[in-house]
Every structure is written in structure tokens, then in C-alpha cells.
Amino acid sequence: MSVRTPDPYPGWLSDEDLFEARGRLPMVYVEAVPVRLDPLGYVNEVGTLLQGDADGNMVRYLVSGRVLYRETIRAALLRHMEKDLGPLAFPQLPISPVPFTVAEYFPAPSQTGFTDDRQHAVSLVYIIPVTGECEPRQDALELTWMTPQEVLSDDVQQEFEGGRGNLVRQALAFSGVVL
């Protein structure tokens, strides 16, 4: 599975070096669950990106990407939000760089429930309110805004890969959404 977008800031690793590093080291990522809030600050919509995988299946995923060498967590979050949702998304980054959860991805199924066939990765996961107009990145077919009930439905949950549907469940529970 490839959810890679050409990165305008490629960091310090070539594609070959990145492949080699992924085989030897855990990679640090940030992930974001984009949300829209009502006037009282309650989550009323969750944004997911839709893309076709290598087998032609439609899969949902979240905003995500690597933290580059010498890059702060906040800078990585902003870079990936703008890259995946467009420059006019106007994400509201958290005051604190503390994530709501940490997801550990492994190349094979494990006790964490999160998989990424490319690598062992540690992902800091955030809930990020978005106030602007979003245009999904080039390899995404669409950005879909859904109510919490819709995104938690069995049909939508089955479209997530690698356990990311569980991250959405955790994000909504952390946000106080009760269904």
C-alpha cells in the first residue's frame, strides 16, 4: 500500500536510504484526525481521505506523514495538514504537542492492532479542528466530511486500513462523543 505524496521538503534521506532505514529503525510519524466543531466545541464532522490502493480497492485514511530530521512536531503537523488538505484548510494546532494517543505500527499483525507493511512506525496522533476550505492532495480522490455516527458505521470502518478506523473511534471517545 502506498499513500505517499511527493514531498516538497524531502528531508535528508533519498528513497533508497529511507527504504534501508525503514528496515532497521522505527520511523516517527504524526497523524491527524481532522474535525469540524460546532459553536460549543463539540465534534460534528470528521474528515477522511479516500484513495484507491494497489489492488484497486477504495480505502480511507487520515492525514499523516513522517517527522523530518530537526523538525518540530508542530511544524510536521502543519506541513502534513497543508499537504494533505490544502493551504486554505486553516488547521487549529493544539497548544501543547502532547498527542491524544500514540499508535505503534508493525509490518505484520501484532498486539497493537496497527499495521503498515512498509515499516515499524511510531505515530503521535492528534485531533485537529479545521476551519477553512479543504482540497485533498493529488493522490486522494476525495475528502469526505462525515458525522460521528457515519464515520463509526460498520461500512465506513471497514474502509480503513491498518487499524486507522480504531484511531477514529479513539479520537471521538477522547473528544467526548458518546454514541
Side-chain angles (χ1 to χ4, degrees), residues 1-7 27 29-38 41-67 73 76-94 99-105 109 112-119 121-179:
M1 174 191 81
S2 175
V3 294
R4 187 162 175 189
T5 297
D7 196 337
M27 303 301 287
Y29 277 72
V30 291
E31 281 185 280
V33 178
V35 297
R36 295 212 187 260
L37 305 177
D38 70 11
Y42 293 106
V43 173
N44 61 7
E45 290 182 309
V46 177
T48 65
L49 295 160
L50 185 67
Q51 162 184 335
D53 68 7
D55 298 326
N57 301 314
M58 302 308 286
V59 294
R60 293 205 178 273
Y61 59 99
L62 304 171
V63 171
S64 68
R66 284 185 297 126
V67 177
I73 300 297
L77 271 171
L78 183 59
R79 180 170 58 87
H80 289 294
M81 291 294 289
E82 288 180 352
K83 183 179 72 161
D84 287 358
L85 301 181
L88 300 177
F90 302 129
Q92 305 299 301
L93 296 183
F100 84 86
T101 194
V102 176
E104 297 176 272
Y105 291 90
T112 69
F114 299 109
T115 58
D116 182 335
D117 60 355
R118 304 169 298 166
Q119 65 196 337
V122 176
S123 184
L124 309 173
V125 189
Y126 298 85
I127 302 162
I128 306 290
V130 175
T131 60
E133 294 298 318
C134 299
E135 290 293 326
R137 65 187 187 176
Q138 293 178 359
D139 59 347
L141 299 174
E142 69 179 31
L143 168 67
T144 308
W145 290 100
M146 292 179 261
T147 67
Q149 294 81 7
E150 291 169 334
V151 78
L152 293 177
S153 72
D154 290 339
D155 290 342
V156 173
Q157 286 290 301
Q158 291 175 5
E159 293 176 351
F160 285 102
E161 280 193 335
R164 287 170 183 86
N166 192 36
L167 284 180
V168 172
R169 285 185 183 284
Q170 290 178 31
L172 289 171
F174 184 83
S175 300
V177 174
V178 180
L179 298 177

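By convention here, the first residue in the shown sequence is residue 1. We use all heavy atoms of the structure for the numbers below, so side chains are in, but hydrogens, waters and symmetry mates are not.
For Glu150, the CD atom sits in a packed shell: over 12 heavy atoms of surrounding residues, nucleotides or ligands are nearer than 6.0 Å. Other residues, nucleotides and ligands contribute only 12 or fewer heavy atoms inside 6.0 Å of the CG atom of Asp154.
Once rounded to the nearest 0.5 Å, the distance linking CD of Gln51 with CD of Glu161 reads 8.5 Å. Between Leu62 atom CG and Leu167 atom CG the span is 6.5 Å, to the nearest 0.5 Å. Rounding to the nearest 0.5 angstrom, the gap separating the CG atom in Leu124 from the OG atom in Ser64 is 12.0 Å. The distance from atom CD of Glu142 to atom OG1 of Thr48, rounded to the nearest 0.5 Å, is 7.5 Å.
The two residues Cys134 and Trp145 have their closest heavy-atom pair at SG-CZ2, 3.9 Å. Scanning both residues, Ser175 and Ile127, for their nearest heavy atoms gives OG-CD1, 3.4 Å. In terms of heavy-atom proximity, Phe114 sits nearest to Glu104 at CB-O, 3.4 Å. Residue Met81 comes nearest to Ala32 through the heavy atom pair SD-CB, 3.5 Å, listed as atom of the first residue, atom of the second, then distance. Contact between Pro148 and Val177 at its shortest, heavy atoms only, is CB-CG1, 3.8 Å. Residues Arg36 and Asn44 approach most closely at O-OD1, 2.8 Å, considering heavy atoms.
No donor-acceptor pair closer than 3.5 Å links the side chain of His80 to the backbone N or O of Leu85. Not a single donor-acceptor pair under 3.5 Å links the side chain of Ser123 to the backbone N or O of Ala103.
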Would you check, one step at a time, whether the test side-chain contact (heavy atoms from CB on, under 4.5 Å) holds for Met58 with Leu141? CA-CA 9 Å; Met58 302 308 286; Leu141 299 174; 2.8 Å; yes
Apply side-chain contact (heavy atoms from CB on, under 4.5 Å) to residues Leu152 and Arg169 and explain how you reach the verdict. CA-CA 7 Å; Leu152 293 177; Arg169 285 185 183 284; 3.5 Å; yes
Applying side-chain contact (heavy atoms from CB on, under 4.5 Å) to Val151 and Leu172, what does each step give before you reach the verdict? CA-CA 10 Å; Val151 78; Leu172 289 171; 3.8 Å; yes
Determine, stepwise, if the pair Glu31 / Arg164 fulfils side-chain contact (heavy atoms from CB on, under 4.5 Å). CA-CA 10 Å; Glu31 281 185 280; Arg164 287 170 183 86; 3.5 Å; yes
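Evaluation of the side chain to side chain donor-acceptor pair (under 3.5 Å) rule for Glu159 yields Arg60 as partners, not counting sequence neighbours. Judged as a side-chain contact (heavy atoms from CB on, under 4.5 Å), and not counting sequence neighbours, the contacts of Leu78 are Glu82, Pro91, Leu93. Judged as a side-chain contact (heavy atoms from CB on, under 4.5 Å), and not counting sequence neighbours, Glu133 has no contacts. By the side-chain contact (heavy atoms from CB on, under 4.5 Å) test, Asp55 is found to be paired with Asp53, Asn57, residues two or more places apart in sequence or in another chain being considered. Under the side chain to side chain donor-acceptor pair (under 3.5 Å) criterion, Thr112 pairs with Ser110, not counting sequence neighbours.
Within the structure, ring-ring contact (aromatic ring centres under 6.0 Å, His included) pairs that include any residue of residues 157-179 comprise Phe100-Phe174 (at least two apart or interchain).
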